[in-house]
**Q** 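Below is one structure. I have some questions about it.
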Protein chains: 2
Amino acid sequence: MSIWLEDSGSKPSRSRRSEQPSGLDRERITDATVKLLDAEGLAKFSMRRLASELGVTAMSVYWYVATKDDLLELALDRVFGEPRLPATDATEEGDAPDWREQLRELAAEYRALIVRHPWTSTLTGNFLNVGPNSLLFSHAVQKVIAGTGLSLPRQRGAIASVFQFVYGYSTIEGHFVQRCAEAGMTQDEYFREAMSAFRAPPELADTFQHTEEMMSAIEGGESVEQMRDLDFQAALDLQIAGIEALVAQEAKQAGR
Amino acid sequence: MSIWLEDSGSKPSRSRRSEQPSGLDRERITDATVKLLDAEGLAKFSMRRLASELGVTAMSVYWYVATKDDLLELALDRVFGEPRLPATDATEEGDAPDWREQLRELAAEYRALIVRHPWTSTLTGNFLNVGPNSLLFSHAVQKVIAGTGLSLPRQRGAIASVFQFVYGYSTIEGHFVQRCAEAGMTQDEYFREAMSAFRAPPELADTFQHTEEMMSAIEGGESVEQMRDLDFQAALDLQIAGIEALVAQEAKQAGR
DNA sequence: ACCTGAACACCGTTCAAGT
DNA sequence: ACCTGAACACCGTTCAAGT
């Protein structure tokens with residue numbers, strides 16, 4: 001089911017004993033996997049490619065890992081250790097940072113993670129993603145949202161709303177960045193290229209009119225990257241405003 | 001770059017001339033592709049598998065389609081034709097439906113599309129997704145958001161916020177549904193199984209306390225599916241409240 | 001305990017050849 | 001114009017064998 005659920009963890013971890021002939025190790029294997037996935041993408045990643053990178057036969061890796069999917073799960077949880085999480089024990093009253101600030105920071109960290117490692121989003125979709133680092137991340141998310149003062153059912157809605165948005169947004173963004181890199185273009189070049197290669201279906205002319213209006217409707221949005229930053233922030237603003245509105249609404253109902 | 005951008009459309013479409021020896025056709029090929037992707041998932045889909053389904057050699061398909069990716073783009077745009085879009089020309093004043101209602105319906109249609117065809121989200125990530133049906137869908141989204149009365153830059157934020165949320169949420173949901181089907185379990189069975197196989201790391205005990213509180217915090221959320229419906233609606237509530245708050249805020253600033 | 005080699009059943013795609 | 005077969009360079013994984 002998952003390497004993190006019992007039974008699949010049967011292969012010993014062999015992390016601390018680095019006197020192997022080839023110096024192999026789950027740690028080193030996971031390292032190399034992440035590096036390869038970053039460099040060449042999920043589609044090109046293979047056990048044979050990884051093994052050759054490690055200077056070893058393809059089958060050696062199978063001593064440390066039961067299956068390719070298990071290895072991908074390890075890599076996935078590995079990168080979920082990267083985001084800086086808000087200090088969880090701000091027990092003192094005065095200096096506890098505002099939930100808005102925490103939310104923005106955590107969202108930015110999550111976005112950066114996915115854009116840095118675009119393969120991450122494909123894997124979170126395909127696996128359960130319940131490794132230790134992923135759990136710590138989820139915990140941080142829950143804590144931040146709990147700080148809003150929403151009721152528990154609405155906290156669940158808010159978590160879904162904010163972090164599935166970040167997931168979706170960053171997935172598209174990350175894949176686009178990767179495509180540009182593969183084509184050897186900057187994002188602006190790629191974007192202009194795609195735009196000019198576009199033969200708009202005549203019956204959709206008005207669609208593009210509205211779209212282009214919206215595209216140029218942002219001051220300070222000269223580059224693709226700037227536009228994406230602005231959109232991302234605008235969406236977070238919307239969600240924060242939504243949370244505030246629901247908090248106020250619940251307070252009013254309670255006061256009645 | 002994409003089958004929808006010039007140059008890649010070089011292979012003739014051959015849609016109308018169905019007198020081929022094998023009765024092959026882009027239409028029929030795309031049909032079979034969607035059916036196979038639905039039944040067995042993106043990972044198991046292959047040109048050879050598809051060809052055998054069509055009663056034909058693997059290489060026959062390449063007469064109609066330049067590459068596997070092109071075919072996947074065709075399948076992707078095909079299913080984007082499924083959602084019912086709001087009637088776009090509600091020009092009469094009185095009976096134009098509320099944007100809130102339109103938004104909920106379009107979000108529900110999008111969610112249903114992704115859950116029905118979980119491979120869709122992987123592909124929207126990997127391709128540009130600028131086929132005619134996808135464009136019509138985007139157009140509908142833009143029209144609905146334009147109905148909120150937000151300023152253009154904020155419309156962009158709102159589109160990202162709502163529809164990337166739906167994308168992210170439904171992606172996870174769809175993949176989970178698919179996993180359950182492959183394992184031959186109901187969603188509740190799979191969920192309980194995963195939960196019981198779970199060996200919680202001791203230092204995360206408090207995480208799970210809070211998590212379990214939240215899990216059981218929903219009345220009427222007995223089944224996994226009910227809970228997901230409730231969370232989805234709660235998230236949409238939040239986003240709609242956010243849009244309303246920003247509309248009000250902009251109105252106030254304009255009035256000053 | 002750790003690593004290898006050969007083998008199996010697959011891939012996407014090219015290319016020359018058939019009708 | 002449409003379809004096939006053989007071939008190339010790949011996959012993940014099994015299994016018996018080496019040290």
Side-chain angles (χ1 to χ4, degrees), chain A residues 2-3 8 10-30 32-33 36-37 40-75 119 122-123 126-127 182, chain B residues 2-3 8 10-30 32-33 36-37 40-75 119 122-123 126-127 182:
Chain A
S2 160
I3 199 181
S8 309
S10 52
K11 288 254 175 181
S13 162
R14 299 177 212 287
S15 296
R16 284 290 149 251
R17 209 162 307 279
S18 263
E19 312 125 9
Q20 266 77 356
S22 57
L24 234 50
D25 211 274
R26 268 207 181 179
E27 197 82 359
R28 252 172 58 73
I29 291 175
T30 311
T33 303
L36 260 185
L37 287 169
E40 309 183 354
L42 185 57
K44 287 191 180 161
F45 177 80
S46 80
M47 297 299 271
R48 290 167 142 104
R49 180 82 185 75
L50 169 69
S52 91
E53 201 75 9
L54 289 165
V56 104
T57 298
M59 291 307 98
S60 307
V61 181
Y62 280 94
W63 181 257
Y64 299 90
V65 127
T67 178
K68 186 192 183 189
D69 277 4
D70 277 12
L71 180 52
L72 293 177
E73 280 196 84
L74 287 174
W119 44 275
T122 309
L123 297 185
N126 282 316
F127 300 125
E182 280 167 7
Chain B
S2 160
I3 200 182
S8 309
S10 53
K11 287 253 174 183
S13 160
R14 298 176 212 287
S15 295
R16 286 288 148 251
R17 209 162 306 281
S18 263
E19 313 126 9
Q20 266 77 355
S22 58
L24 234 48
D25 211 273
R26 267 207 181 180
E27 197 83 0
R28 253 172 57 73
I29 291 176
T30 310
T33 301
L36 260 185
L37 286 169
E40 310 182 354
L42 186 57
K44 287 189 181 165
F45 177 81
S46 79
M47 297 299 272
R48 289 166 142 105
R49 179 84 185 75
L50 169 69
S52 94
E53 202 75 8
L54 288 166
V56 103
T57 298
M59 291 309 97
S60 306
V61 181
Y62 280 96
W63 181 257
Y64 300 89
V65 127
T67 178
K68 188 192 183 189
D69 276 4
D70 276 11
L71 180 52
L72 292 177
E73 281 197 83
L74 287 174
W119 45 275
T122 308
L123 297 185
N126 282 315
F127 301 126
E182 281 167 7

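Nothing here was measured: the structure is a model prediction, and the numbers come from that model. Lettering of chains follows the sequences in order, A, B, ..., and the numbering in each one begins at 1.
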**Q** Output the rounded distance in Å from CZ (B/F45) to C1' (C/dC10).
**A**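 Those two atoms, CZ and C1', are 15 Å apart.
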
**Q** So which atom in B/L74 and which in B/V65 form the shortest heavy-atom distance, rounded to 0.1 Å?
**A**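 What the structure gives for the nearest pair is CD1-CG2, 3.8 Å.
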
**Q** Which of the following nucleotides, C/dC2, C/dG12, C/dT4, is nearest to the side chain of A/W63?
**A**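 In terms of side-chain proximity for A/W63, the closest of C/dC2, C/dG12, C/dT4 is C/dC2.
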
**Q** To the nearest angstrom, how far is A/L54 atom CG from C/dC2 atom P?
**A**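 After rounding, the reported distance stands at 16 Å.
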
**Q** How close do A/Y64 and A/R26 get, heavy atom to heavy atom, and via which atoms?
**A**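 The pair with the smallest heavy-atom distance is O-NE, 3.1 Å.
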
**Q** Which heavy atom in B/T33 sits nearest to a heavy atom in B/A75, and how many Å separate them?
**A**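 Reported closest heavy-atom pair: CG2-CB, 3.9 Å.
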
**Q** Polar atom pairs between nucleotides 13-15 of chain D and protein, under 3.5 Å, N or O only, would you list them?
**A**
| residue | atom | partner | partner atom | Å |
| --- | --- | --- | --- | --- |
| D/dT13 | OP1 | A/T67 | OG1 | 2.7 |
| D/dT13 | OP2 | A/Y62 | OH | 2.6 |
| D/dT13 | OP2 | A/K68 | N | 3.0 |

**Q** Apply salt bridge (charged side-chain N to carboxylate O under 4.0 Å, His left out) to A/R48 and list each qualifying residue two or more places apart in sequence or on a separate chain.
**A**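 Partners of A/R48 under the salt bridge (charged side-chain N to carboxylate O under 4.0 Å, His left out) test: none.
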
**Q** Which atom names give the shortest non-hydrogen contact between A/A51 and A/A58, and what distance separates them?
**A**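 It is CB-CA, 3.4 Å.
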
**Q** Without decimals, in angstroms, what is the distance between A/D25 CG and C/dC2 P?
**A**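 Nearest whole value for this atom pair: 11 Å.
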
**Q** What is the distance, to the nearest angstrom, from the CZ atom on A/R49 to the P atom on D/dG12?
**A**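 Interatomic distance, CZ of A/R49 to P of D/dG12: 12 Å.
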
**Q** I need the B/L36 CG to B/E53 CD distance, nearest 0.5 Å.
**A**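 Interatomic distance, B/L36 CG to B/E53 CD, rounded to 0.5 Å: 5.0 Å.
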
**Q** At their closest point, which heavy atom of B/L24 faces which heavy atom of B/R28, and how far apart are they?
**A**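 That closest heavy-atom pairing would be CD1-NH2, 4.1 Å.
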
**Q** Once pairs are restricted to Watson-Crick or G-U wobble with both distances under 3.5 Å, how does DNA chain D read as a dot-bracket string, [ ] for crossings and | for other-strand pairs?
**A** ||.|||||...|||||.||

**Q** Rounding to an integer number of Å, can you tell me how far B/R28 CZ sits from D/dC2 P?
**A**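 So the CZ-P distance, B/R28 to D/dC2, works out to 15 Å.
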
**Q** Using whole Å, report how far CG of B/D70 lies from C1' of C/dG12.
**A**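 Roughly 13 Å, once rounded to whole Å.
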
**Q** Taking atom CG of B/L72 and atom CG of B/L37, what is their separation to the nearest 0.5 Å?
**A**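 Answer rounded to 0.5 Å: 6.5 Å.
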
**Q** Look at B/T57 and D/dT4 and indicate whether a side-chain polar atom (N or O) is within less than 4.0 Å of OP1 or OP2.
**A**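 Yes, B/T57 has a side-chain N/O under 4.0 Å of OP1/OP2 on D/dT4.
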
**Q** How long is the span from the OG1 atom in B/T122 to the CG atom in A/N126, to the nearest 0.5 Å?
**A**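 If we round to the nearest 0.5 Å, B/T122:OG1 and A/N126:CG are 6.0 Å apart.
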
